[in-house]
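Below is one structure; the comments refer to it alone.
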Amino acid sequence: MKTILWATLTANGNYAQSGANNPPTKEALNDFAAQAAAAGNFIVGRKTFEAMRGSGGGGPFAEVDIVVVSKNASEIPGVTVVRSPQEALTCLQQKGHQTALISGGADIHNSFLGEGLVDEVIFNVAPVLEGKGLNLLIDKDNYEYKHVQLLDCKPLGGGVIQLRYAIER
Ligand SMILES: NC(=O)c1ccc[n+]([C@@H]2O[C@H](COP(=O)([O-])OP(=O)(O)OC[C@H]3O[C@@H](n4cnc5c(N)ncnc54)[C@H](OP(=O)(O)O)[C@@H]3O)[C@@H](O)[C@H]2O)c1
């Protein structure tokens, strides 16, 4: 199964955070909806899922399989709850999906990257700068580096640039 990690970065390279005062751009949201529709699914961390639900974000995803990763959460109506990144992939594979879209947040993205479970990354670079923030890391404890292959680079409008890279594993 092909895994695609989708994330918004800030122009100074942070893993972008959003909230009531700094909502995601409409270009990034539209792109996420399109990527989720194309994959037919997305995998999301329990905290990001709760934030999406709180802002009424479930509507456009009625046709999409949503897998929530949590060590503790029990059943959540309308979605599948799993205990690990690998279990999320197994679950989607068993449902016949060819591609899994990994939608965040930081903990989930870093878990998938750290476990070497990502084939492709889509980074939407938003025209915003942040102070101290979050980072995407292939290893949380050690310095590591990995070359990746640029597959595509295009503007999405509204000052957002999309970068797409392949990761060999
Ligand atoms: N830049 C972007 O594209 C983007 C996208 C989405 C969110 N965000 C930002 O990311 C932040 C939220 O991220 P977050 O890191 O706090 O939360 P998160 O990744 O959405 O969810 C974290 C939770 O996921 C579960 N989890 C994480 N790793 C796991 C693992 N290996 N196995 C099992 N369960 C695991 C745990 O749930 P339990 O506690 O239930 O065990 C954990 O508390 C916000 O600031 C949001 O704005 C950014």
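The structure presented is a predicted model; accordingly, all values stated were derived computationally and were not measured.
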Checklist entry - Step by step, would you call L163 with V125 a side-chain contact (heavy atoms from CB on, under 4.5 Å)? => result CA-CA 8 Å; L163 301 166; V125 183; 4.0 Å; yes
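- Of the possible donor and acceptor atoms, none in the side chain of D119 sits under 3.5 Å from a partner among the backbone N and O of R169.
- Minimum interatomic distance between V69 and P85 (heavy atoms only, all atoms of both residues): CG1-N, 4.2 Å.
- At least one donor-acceptor pair closer than 3.5 Å links the side chain of T3 to the backbone N or O of L117.
- For the atom pair NE2 of H97 and NZ of K2, the computed distance is 15.5 Å after rounding to the nearest 0.5 Å.
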Next on the checklist: Show, in sequence, the C-alpha distance, side-chain angles and deciding distance for N135 and N14, and conclude whether the side-chain contact (heavy atoms from CB on, under 4.5 Å) test is met.
Outcome noted: CA-CA 5 Å; N135 295 110; N14 279 7; 4.1 Å; yes
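- In this structure, the side chains of F123 and L5 come closer than 4.5 Å at one or more pairs of heavy atoms.
- Side-chain atoms of E115 do not come within 3.5 Å of backbone N or O of Q86 as any donor-acceptor pair.
- Looking only at distances, a side-chain donor or acceptor of R83 sits under 3.5 Å from a matching main-chain atom of S70.
- Residues satisfying the ring-ring contact (aromatic ring centres under 6.0 Å, His included) criterion with Y143, sequence neighbours excluded, are absent altogether.
- Residues passing the ring-ring contact (aromatic ring centres under 6.0 Å, His included) test with F49: none are found, sequence neighbours excluded.
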Next on the checklist: If you apply the rule side-chain contact (heavy atoms from CB on, under 4.5 Å), what do you find for D107 with R46, and how did you get there?
Outcome noted: CA-CA 10 Å; D107 260 5; R46 193 261 308 160; over 6 Å; no
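- Checked against side-chain contact (heavy atoms from CB on, under 4.5 Å), K146 has the following partners two or more places apart in sequence or in another chain: I138, I167.
- Chaining together hydrophobic side chains whose heavy atoms lie under 4.5 Å apart places L156 alongside V160.
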Throw together a table of side-chain donor-acceptor distances under 3.5 angstrom for residues 26-34, partners on residues two or more places apart or in other chains.
unit_1 : atom_1 : unit_2 : atom_2 : d
N30    : ND2    : K26    : O      : 3.3
D31    : OD1    : Q35    : NE2    : 3.2
D31    : OD1    : Q162   : NE2    : 3.4
D31    : OD2    : W6     : NE1    : 2.8
D31    : OD2    : N124   : ND2    : 3.0
D31    : OD2    : Q162   : NE2    : 2.9

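- Note that CD1 of I76 is 6.5 Å distant from CD of E50, once rounded to the nearest 0.5 Å.
- Judged by distance alone, the side chain of N41 and the main-chain N or O of L101 form a donor-acceptor pair under 3.5 Å.
- Judged as a ring-ring contact (aromatic ring centres under 6.0 Å, His included), and not counting sequence neighbours, the contacts of Y15 are H109.
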